[in-house]
Chemist: 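This is the structure I want to talk about, given as C-alpha cells.
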Amino acid sequence: MELQKPRGTRDFLFEEMKERKFVENTMRKVFETYGYQEIKTPIFEDLSLFTLKSGEGIIEEIYHFQDKGGRDLALRPELTAPVARIYLNQLQKAPKPIKMYYFGSCFRYERPQAGRFRQFWQLGCELIGGKSPDCEAEIIALAAQCLEELKLDDYQIHLGNLGILRGILSQDGVSADQQDQIMAIVDKGDVEELEKLLEDLKLDKKSKEILLELIGMQGHRETINDVKKIITGYPDALKSLKELEELLIMLEAFGFTNYIVNLGIARGLDYYTGTVFEIYVEGLGAQKQISGGGTYNLIEVFGGEKVESTGFAFGFDRVMESLKIQNTNTPIKSRVEVFVAPISSETKLNAFKIAQNLRKNGIATDVELVGRKLKKILSFADNSGARFVVLVGARDLENGEVTLKDMESGKQEQIPLETVAEILLNRINEPNNV
C-alpha cells in the first residue's frame, strides 16, 4: 500500500517553508506595529458556530463529524466566527477597542482546483468595539502596509459601502431576506441573474436602473460625486455614501490613496453593515482575490450585545502565489551560519563542545554527526549554506586554536579557541555578511 497525502492538501519542504515563514513573520510584525495581539483558537469547533453564521447550507462545504460523545463538531472553515466566540466567552468586559490577529489553517470540503485547496491558511485581524470609519481606515492601511513590506506589486484595494445598495432597496420595501439574495448575486457578479431576480421582485424601474448602474461604477474619490447625483432622493443611501466619503478622507490621513471605489462589492449576509473591501492581484486569474474584509455585527448573531467589528483576512496561500508569479524575492536566511567539522574521530567530542558554545551564543550551528571524511564534510557544509566552517584538528587544539574557513572566499586562518564565538559573531554581523 502506497501512502499518499490526502486530496486537496500539500506538503511544504525546507525552502518553501523558509519563504512562507518570512512572509508570515513580515505580516506579523506589521500587525503588531499597529497594536494587534495574537490569539489562537481550536482547529475544530461546535458545528453550530458556523451554521449560525453562514446557514445550514455550509454543512455541505465543510468537514464535520460527531465525536465519541455524540457532539456535532466541524473543522473550522474560517476564523471570524471563532474570534466572535472568544469575545463572547472571555472578552465582553475587556476595554475597547480590542485588537486581535490570528494565523492558522482552515478546511473546506470542495473540489480542489488551481489556487483552492481543502486545507489552507488565513492570516487576519479583528477590531472589536471600534468606531466607523476610523477603524476601517486603519485596517485598510494595515492591509496595504503588509503588501508594501512584502514588495508585492500590482495589487488593487477595492472598497465600497453596503448601506448604499441596501438603502435603495429598503426604501422600495425590499425585505431583509430578499436584500440578502440580491447582495449574494451582486457578490457573484452575475448581472443577468440579478436582472432576473429584480424583475421577479417587481422592483421599481427607477431603483432597478440605479442599482444596475451603481454596481458597475468604479473609480477614485471623484466617484463619490457621480454616485451622489444618481441616488438623490434616497436618504439612507446618501448617508452611507457620506460614510464612504469620510473613509476616503481618513485613508488619506493614514497615507493611503491607492484605492478603487467599487460599489459592486457585496456580501450576502445581513450582519455586514457598512464598509466592505477586497484586495485583488490580476496575475492570479480567476482566483485573483487575496483578501476580503469589512464591518459587521456578528456578535449579535451569536446572542451577544450589538458590537460593531471590523476585520479582514489574507488568503495566505494566494499571497504566496502572488509573490511567486511576480518573482518577488524573499530574503531567505541559510539553514546555518557555521558548520563545525572534526578532522578526525579523536576531535569529535571537542567539536560537539564548540558547536554547543556557538549555539548558546545565538549562532545557528550544525556539526558533523555521521563521521564522514573531511572532503565530504566540506561539500555537505557548502550545500547547507554555512558561511563558515570551524575545522577541529588535534594539532590546533594542542595550541589552543581551531581553523576557521570562509566558504565564500576559501580563506583559512587559525583563531583562538576561547574566542571562537566572539570572532564568529563579529564576522557574521559585518555589513557585507548581513
Side-chain angles (χ1 to χ4, degrees), residues 34 80 96-99 125-144 156-172 174 176 179-180 182-183 186-187 207 210-211 213-279 291-301 305-312:
Y34 279 71
T80 304
K96 295 178 180 63
I98 304 168
K99 291 182 168 184
C125 68
E126 303 288 335
L127 192 158
I128 299 177
K131 180 186 175 185
S132 298
D134 310 48
C135 55
E136 296 157 346
E138 185 186 76
I139 274 186
I140 293 168
L142 184 160
Q156 298 178 347
I157 298 185
H158 289 230
L159 49 94
N161 189 301
L162 295 178
I164 298 169
L165 301 183
R166 287 192 182 272
I168 294 167
L169 295 169
S170 295
Q171 190 161 319
D172 277 359
V174 179
Q179 287 186 35
D180 291 347
I182 292 168
M183 290 296 185
V186 172
D187 190 27
S207 296
I210 290 173
L211 198 70
E213 185 175 359
L214 287 176
I215 64 172
M217 293 185 74
Q218 292 188 22
H220 205 254
R221 195 164 164 184
E222 72 282 351
T223 306
I224 299 295
N225 289 328
D226 297 336
V227 175
K228 198 176 292 183
K229 295 171 187 173
I230 296 169
I231 63 173
T232 301
Y234 295 91
D236 288 346
L238 283 166
K239 181 183 175 185
S240 294
L241 181 65
K242 180 66 176 174
E243 290 173 2
L244 180 57
E245 186 175 21
E246 288 174 3
L247 171 61
L248 302 186
I249 293 167
M250 288 188 179
L251 276 173
E252 289 171 14
F254 275 98
F256 180 70
T257 57
N258 189 26
Y259 56 78
I260 295 174
V261 175
N262 181 351
L263 300 187
I265 300 175
R267 300 283 187 271
L269 298 162
D270 61 3
Y271 53 78
Y272 275 92
T273 56
T275 297
V276 284
F277 68 93
E278 294 177 352
I279 307 178
S291 179
T295 294
Y296 37 82
N297 181 20
L298 185 57
I299 287 156
E300 191 176 26
V301 173
E305 59 188 342
K306 189 171 183 178
V307 181
E308 196 171 82
S309 304
T310 302
F312 80 98

Chemist: Can you give me the closest heavy-atom contact between F312 and S291, atom names plus distance?
Modeler: CD1-OG, 3.3 Å

Chemist: To the nearest 0.5 Å, what is the distance between OG1 on T257 and NE2 on H220?
Modeler: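 NE2 of H220 is found 5.5 Å from OG1 of T257.
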
Chemist: Roughly how far, to the nearest 0.5 Å, is CD1 of I230 from CE of M217?
Modeler: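 Rounded to the nearest 0.5 Å, the CE-CD1 separation comes to 4.0 Å.
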
Chemist: Would you check if the side chain of R267 reaches a backbone N or O of G293 as a donor-acceptor pair within less than 3.5 Å?
Modeler: yes

Chemist: Flag the pair S309 / I299 as yes when at least one side-chain heavy-atom distance between them is below 4.5 Å, and no otherwise.
Modeler: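 Yes, close enough: below the 4.5 Å cut-off.
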
Chemist: Do E243 and T275 pair up side chain to side chain, a donor and an acceptor below 3.5 Å, judged on atom types alone?
Modeler: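 Distance-only check fails for E243 and T275.
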
Chemist: Measuring only between side-chain heavy atoms, which start at C-beta, is D187 closer than 4.5 Å to E278?
Modeler: yes

Chemist: If you compare all heavy atoms of I279 against all heavy atoms of A143, which two are closest, and at what distance to 0.1 Å?
Modeler: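 That would be CD1-CB, 4.0 Å.
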
Chemist: Less than 4.5 Å apart, side chain to side chain, heavy atoms only: is that true for Y296 and V301?
Modeler: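 Contact flag for Y296/V301 side chains = no.
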
Chemist: Ring centres under 6.0 Å, that's the criterion: do Y259 and H158 meet it?
Modeler: no

Chemist: About how many Å separate CD of E126 and CD1 of I139, when rounded to the nearest 0.5 Å?
Modeler: 7.5 Å

Chemist: Is any side-chain heavy atom of Q171 less than 4.5 Å from a side-chain heavy atom of D236?
Modeler: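 Q171 does not reach D236 side chain to side chain.
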
Chemist: Nearest 0.5 Å, what's the CG-OG distance between L214 and S207?
Modeler: 10.0 Å

Chemist: Just do the side chain to side chain contact (heavy atoms under 4.5 Å, CB included) check on I140 and F254 with the steps written out, would you?
Modeler: CA-CA 9 Å; I140 293 168; F254 275 98; over 6 Å; no

Chemist: If you take all heavy atoms of Q179 and S170, which pair is closest and at what distance?
Modeler: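 Nearest pair, atom of Q179 first, then S170: NE2-OG, 3.0 Å.
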
Chemist: Where do I168 and A237 come nearest, in terms of heavy atoms and distance?
Modeler: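 Nearest pair, atom of I168 first, then A237: CG1-CB, 4.0 Å.
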
Chemist: Do the non-hydrogen side-chain atoms of L211 and L169 ever get within less than 4.5 Å of each other?
Modeler: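 In contact.
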
Chemist: State which residue, out of N161, T223, I224, fulfils the side-chain contact (heavy atoms from CB on, under 4.5 Å) condition with L241.
Modeler: I224

Chemist: Say you draw a straight line from CG of N258 to CD1 of I157; how long is it, rounded to the nearest 0.5 Å?
Modeler: 7.5 Å

Chemist: Does the pair Y271 and E300 meet the rule for a side chain to side chain contact (heavy atoms under 4.5 Å, CB included), with working shown?
Modeler: CA-CA 8 Å; Y271 53 78; E300 191 176 26; over 6 Å; no

Chemist: Mind running side chain to side chain contact (heavy atoms under 4.5 Å, CB included) on E252 and I249 for me, showing each step along the way?
Modeler: CA-CA 5 Å; E252 289 171 14; I249 293 167; 5.6 Å; no

Chemist: Decide side chain to side chain contact (heavy atoms under 4.5 Å, CB included) for Q218 and Q156; before the verdict, give the C-alpha distance in whole Å, the side-chain angles of both, and the deciding distance to 0.1 Å.
Modeler: CA-CA 12 Å; Q218 292 188 22; Q156 298 178 347; over 6 Å; no

Chemist: As a test of understanding, state which of L263, N262, V261 forms a side-chain contact (heavy atoms from CB on, under 4.5 Å) with I265.
Modeler: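 Going through the options one by one, the only one that passes is N262.
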
Chemist: Where do T310 and C135 come nearest, in terms of heavy atoms and distance?
Modeler: OG1-SG, 3.4 Å

Chemist: Rounded to the nearest 0.5 Å, what separation is found between the CG atom of L165 and the CD1 atom of I182?
Modeler: 9.5 Å

Chemist: If I compare all heavy atoms of G264 with all of V186, which pair ends up nearest, and what's the gap?
Modeler: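 Taking G264 first and V186 second, the nearest heavy atoms are O-CG1, 3.5 Å.
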
Chemist: Between D180 and R166, is any pair of side-chain heavy atoms under 4.5 Å apart?
Modeler: yes

Chemist: Please check: side-chain N/O of K99 versus main-chain N/O of Y34, any donor-acceptor pairing under 3.5 Å?
Modeler: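 Present.
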
